Every structure is written in structure tokens, then in C-alpha cells.
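To start, the structure itself, in C-alpha cells.
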Amino acid sequence: MGSRLSFKQKPMLLLVVIHSFFTLTRSQSTTCRTSCGDIPIEYPFGIDDGCGSPYYRYILVCSESGKLEVRTPSGRYLVHNVSYADPHILVTDPFMWNCEDGENYRPTRPFSLDTSTRFKLSPQNEYLFFNCSEDHVIVKPKSIFCERFPERCDSSCDSGSYLCRHMPGCSFPMSVSSCCSYFPRATESLRLMLKYCTSYTSVYWRNVGAPQPYHQIPDYGIRIDFDIPVTTRCLQCQDPSKGGGTCGFDTETQSFMCLCKEGNSTSHCKDFDAARHSRRVNVIAGTATAVSAAGAFGVGAGIWYLKKVRAKAPVTCGVQSNENRLF
């Protein structure tokens with residue numbers, strides 16, 4: 001049979017219960033890293049679960065060596081740069097051909113993106129294919145008109161491409177017969193091209209801020225454009241006057257969460273502070289009310305019990321016996 005708590009132990013128990021209540025109702029905020037190596041991580045991305053937008057969940061990974069990588073159905077690729085002003089990321093595929101390979105066209109695998117994400121291959125990419133079988137691929141030079149309006153031309157691989165004659169960073173000219181330029185509109189098209197071509201590489205046109213037509217120069221890599229889903233709640237969450245929180249989401253329901261220093265909120269950090277203060281006042285008031293009610297109940301019960309005992313107690317002329325003992 002368990003022992004009863006003494007009168008001195010009961011206030012201590014009440015304090016423990018109150019402390020436990022505060023501990024359970026205090027939301028713990030998620031720590032969101034703001035960089036991976038020298039690449040800043042901002043909304044809509046996150047490298048910690050619950051940070052950023054759920055549309056890009058599990059896509060970016062910060063390796064143990066501090067390198068940012070992007071996950072795609074075809075593998076994980078090193079990210080060289082992320083731009084939020086002109087939303088895009090730049091990645092490189094180590095299996096693609098580069099100048100150091102020279103005439104050695106090693107086999108490669110096609111790069112692909114998950115179409116269910118808000119990523120898409122940038123139209124500023126240009127793909128160069130090498131040693132294609134002309135029995136299966138139409139290889140011929142295209143007119144200047146096709147460079148401006150490629151959607152109005154046929155799907156041939158352009159052997160007269162400017163990049164085939166001016167490969168960026170290469171000290172030697174490419175053989176025109178072995179190089180052609182083609183922009184695959186789907187991953188399946190890229191697979192088919194590589195089925196009949198030995199290798200390929202990707203070159204994107206990088207903006208350098210110079211006057212046109214010299215505002216872009218070619219560089220190796222794959223440019224992937226992305227959307228930034230902007231919502232009113234996220235803007236309120238990030239507003240410095242409302243606490244300057246970080247936009248995130250609930251890892252179970254994927255609903256919006258504003259991540260603050262001392263906890264999470266469904267709106268903004270100032271709202272979290274107000275709600276926390278309100279909860280604390282309500283708990284204290286509720287505890288005081290409960291103690292007062294318990295005290296009133298105890299006094300009433302004592303009076304009722306005392307009257308009952310006095311009504312039944314035998315007259316003992318002031319001598320306290322076991323029959324009329326109250327305590």
C-alpha cells in the first residue's frame with residue numbers, strides 16, 4: 001500500500017505539475033541552417049527538415065564535407081551557385097564531357113529532373129552532342145532564324161552551332177562533323193540522343209551585366225530554374241516588425257509554420273509571444289482558481305463534518321476520547 005503525501009509535500013507536487021504543463025506547451029523551434037559551405041540557403045530552400053517550402057523538401061543536401069548537392073532521379077549533383085534574385089541553381093554533371101577529355105568521348109548518362117517539383121531546365125542551356133550516328137540522328141546546320149525561333153524549326157541537331165566552333169575554355173577547335181547542338185524538350189529525348197551519340201555536355205549562357213549583345217557568355221554547367229512560392233503568411237513571418245521569423249512547415253502535415261527563436265507559430269513571431277503570454281496568464285489564473293475552489297471546498301467539507309460529529313458525539317465533559325477525536 002502506497003504512502004500518503006505529507007502536508008509539506010503537496011505544494012511541491014503542485015509546482016512540479018505547473019512546471020510540467022509549461023514544458024509541454026512550449027513549442028521548440030527548428031534550427032534552420034542559413035548556409036552550406038559558402039552558398040547561402042534562403043527560402044524556398046532548406047537543408048533541415050521543416051525549413052523552407054515543402055515543395056522543395058528533401059531536394060537539397062549539405063554533405064559532411066560542406067558541399068551543397070541537389071537530388072534528382074538520375075543522381076546527386078554538386079551545386080556551384082544559387083541565385084535568388086534571378087531564381088536558378090547551377091550544377092555540374094561529372095559524367096559530362098569537358099575540354100580535358102579532348103577527342104576521348106567517354107560514355108555518360110542522361111541528366112533528368114523530377115517533373116513533380118518546381119524545377120525546370122532553363123532555356124539558356126545548350127546541349128552539345130558528340131559522334132552521333134547520322135543513320136538515326138539528323139545532323140545538319142541550321143539557319144540563323146532557327147537560333148531565334150527554335151520552336152519553329154525541325155528537331156535536327158545543329159552541326160553549325162556557334163558553340164561547336166567556340167567551345168568555352170578549350171584551346172582547340174572541335175571537329176564540326178563530331179559536334180552538334182540540340183535542346184531536348186524532354187528527358188526521353190535526351191535518352192534517345194545518347195543512345196545514338198557517344199557523349200554530350202551542357203553549356204549555359206551566363207549573364208555578365210554587359211550591354212547587349214555582349215551581356216551573356218557561355219560557361220559549362222546546367223542551369224535549373226525554380227519558382228519561389230510567395231504567400232502572405234510567409235511575408236508576415238519574415239517581417240522584422242513582426243519578429244523576423246523563418247518560413248517553414250510542419251513535418252507531419254506540411255502546413256505552414258513560422259519558425260521563431262523561442263518556438264513556432266502559425267502566423268508570425270509576435271503572435272507567438274502574445275499567445276505564449278496569454279497561455280501563461282490563463283494557466284496561473286486557472287491554477288489560482290483551482291486552489292481557491294479546492295480551499296473553499298475543503299472549508300465547507302470541514303464545517304459539514306464538524307457539525308455531523310458534534311451531533312453524534314457523546315457528552316464526555318470535555319474529555320477527548322477515541323470516539324470524538326477530530327485529528
Side-chain angles (χ1 to χ4, degrees), residues 18-71 78-91 116-120 122 207 209 223-286:
I18 295 174
H19 175 75
S20 299
F21 185 85
F22 279 125
T23 302
L24 290 175
T25 55
R26 186 188 302 121
S27 298
Q28 297 297 323
S29 62
T30 303
T31 302
C32 297
R33 285 174 286 177
T34 57
S35 65
C36 178
D38 57 352
I39 299 179
I41 304 298
E42 301 176 10
Y43 185 82
F45 296 131
I47 51 178
D48 300 291
D49 199 16
C51 302
S53 169
Y55 292 114
Y56 298 101
R57 189 180 189 182
Y58 301 135
I59 290 183
L60 292 184
V61 182
C62 190
S63 67
E64 295 181 356
S65 59
K67 301 294 184 181
L68 188 64
E69 297 176 333
V70 61
R71 285 192 179 112
L78 186 65
V79 177
H80 284 275
N81 184 43
V82 179
S83 172
Y84 298 95
D86 177 19
H88 70 273
I89 67 174
L90 295 175
V91 304
S116 65
T117 65
R118 299 200 174 189
F119 278 145
K120 57 181 179 293
S122 173
N207 294 317
R223 172 173 166 145
I224 303 173
D225 295 337
F226 63 87
D227 297 327
I228 301 179
V230 179
T231 63
T232 302
R233 287 188 296 179
C234 183
L235 293 176
Q236 289 180 343
C237 173
Q238 294 175 328
D239 189 348
S241 65
K242 295 183 178 180
T246 301
C247 298
F249 58 92
D250 188 296
T251 56
E252 294 184 0
T253 64
Q254 296 195 22
S255 57
F256 174 81
M257 294 292 289
C258 184
L259 310 180
C260 310
K261 292 181 180 179
E262 298 183 358
N264 301 336
S265 171
T266 56
S267 53
H268 52 80
C269 296
K270 287 293 182 66
D271 186 47
F272 168 78
D273 292 337
R276 183 179 60 175
H277 177 72
S278 176
R279 286 197 303 269
R280 182 175 298 175
V281 170
N282 290 337
V283 169
I284 294 174

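Position 1 is the first residue of the sequence; numbering continues from there. Predicted model, so just to flag it, every value in this text is computed and none were measured.
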Practice problem: I would like to know whether Y56 and D227 meet side chain to side chain contact (heavy atoms under 4.5 Å, CB included); could you show each step before the answer? | Solution: CA-CA 10 Å; Y56 298 101; D227 297 327; 4.1 Å; yes
Exercise. Determine, stepwise, if the pair T34 / I41 fulfils side chain to side chain contact (heavy atoms under 4.5 Å, CB included).
Key: CA-CA 5 Å; T34 57; I41 304 298; 5.6 Å; no
Exercise. Report the C-alpha separation of I224 and H88 in whole Å, then their side-chain angles, then the decisive distance to 0.1 Å, and conclude whether the side chain to side chain contact (heavy atoms under 4.5 Å, CB included) test is met.
Key: CA-CA 5 Å; I224 303 173; H88 70 273; over 6 Å; no
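Taking F256 as the reference, nothing meets the ring-ring contact (aromatic ring centres under 6.0 Å, His included) condition, with sequence neighbours excluded. Residues that satisfy the side-chain contact (heavy atoms from CB on, under 4.5 Å) test with P54, not counting sequence neighbours, are F249, Q254. Taking D86 as the reference, R223 meet the side chain to side chain donor-acceptor pair (under 3.5 Å) condition, with sequence neighbours excluded. N207 meets the side chain to side chain donor-acceptor pair (under 3.5 Å) test with Q216; sequence neighbours excluded. In terms of the side-chain contact (heavy atoms from CB on, under 4.5 Å) criterion, residue partners of S65 (sequence neighbours excluded) are, by chain and number, S63, K67. Applying the salt bridge (charged side-chain N to carboxylate O under 4.0 Å, His left out) test to D250 and every residue at least two apart in sequence or in another chain returns nothing. Shown here are the side-chain contact (heavy atoms from CB on, under 4.5 Å) partners of S35, two or more places apart in sequence or in another chain: there are none. Residues forming a side chain to side chain donor-acceptor pair (under 3.5 Å) with R118 (at least two apart in sequence, or on another chain): Y55. Scored by the side chain to side chain donor-acceptor pair (under 3.5 Å) test, Y43 finds no partners at all (sequence neighbours excluded). Take I39 and apply the side-chain contact (heavy atoms from CB on, under 4.5 Å) test, not counting sequence neighbours, and it matches L68, V79, V82.
Here the side chain of R71 pairs a donor or acceptor atom with the backbone of Y58 at under 3.5 angstrom. Distance alone, capped at 3.5 Å, places no donor-acceptor pair between the D48 side chain and the C32 backbone.
Residue pairs satisfying the salt bridge (charged side-chain N to carboxylate O under 4.0 Å, His left out) criterion with at least one member in residues 55-65, sequence neighbours excluded, are listed as follows: D49-R57. Applying the side-chain hydrogen bond (donor to acceptor under 3.5 Å, both in side chains) rule to pairs touching residues 228-245 yields D239-S241, sequence neighbours excluded.
Note: F226 and Y84 have perpendicular aromatic rings, judged against thresholds of 30 and 60 degrees for the angle between ring planes.
Atom-to-atom distance recorded for E69:CD and I47:CD1 is 12.0 Å, nearest 0.5 angstrom. How far CG of L90 is from NE2 of H80: 8.5 Å, rounded to the nearest 0.5 Å.
Cysteine sulfur proximity is not satisfied for C258 and C247, their SG distance being 2.5 angstrom or more.
Residues C51 and L259 are in side-chain contact: their nearest non-hydrogen atoms beyond the backbone lie under 4.5 Å apart.
Across all their heavy atoms, P229 and P44 have their closest contact at CD-CB, 3.9 Å. Across all their heavy atoms, C269 and G243 have their closest contact at CB-CA, 3.8 Å.
For D225 and K120, the salt-bridge test fails: no basic side-chain N is under 4.0 Å from an acidic carboxylate O.
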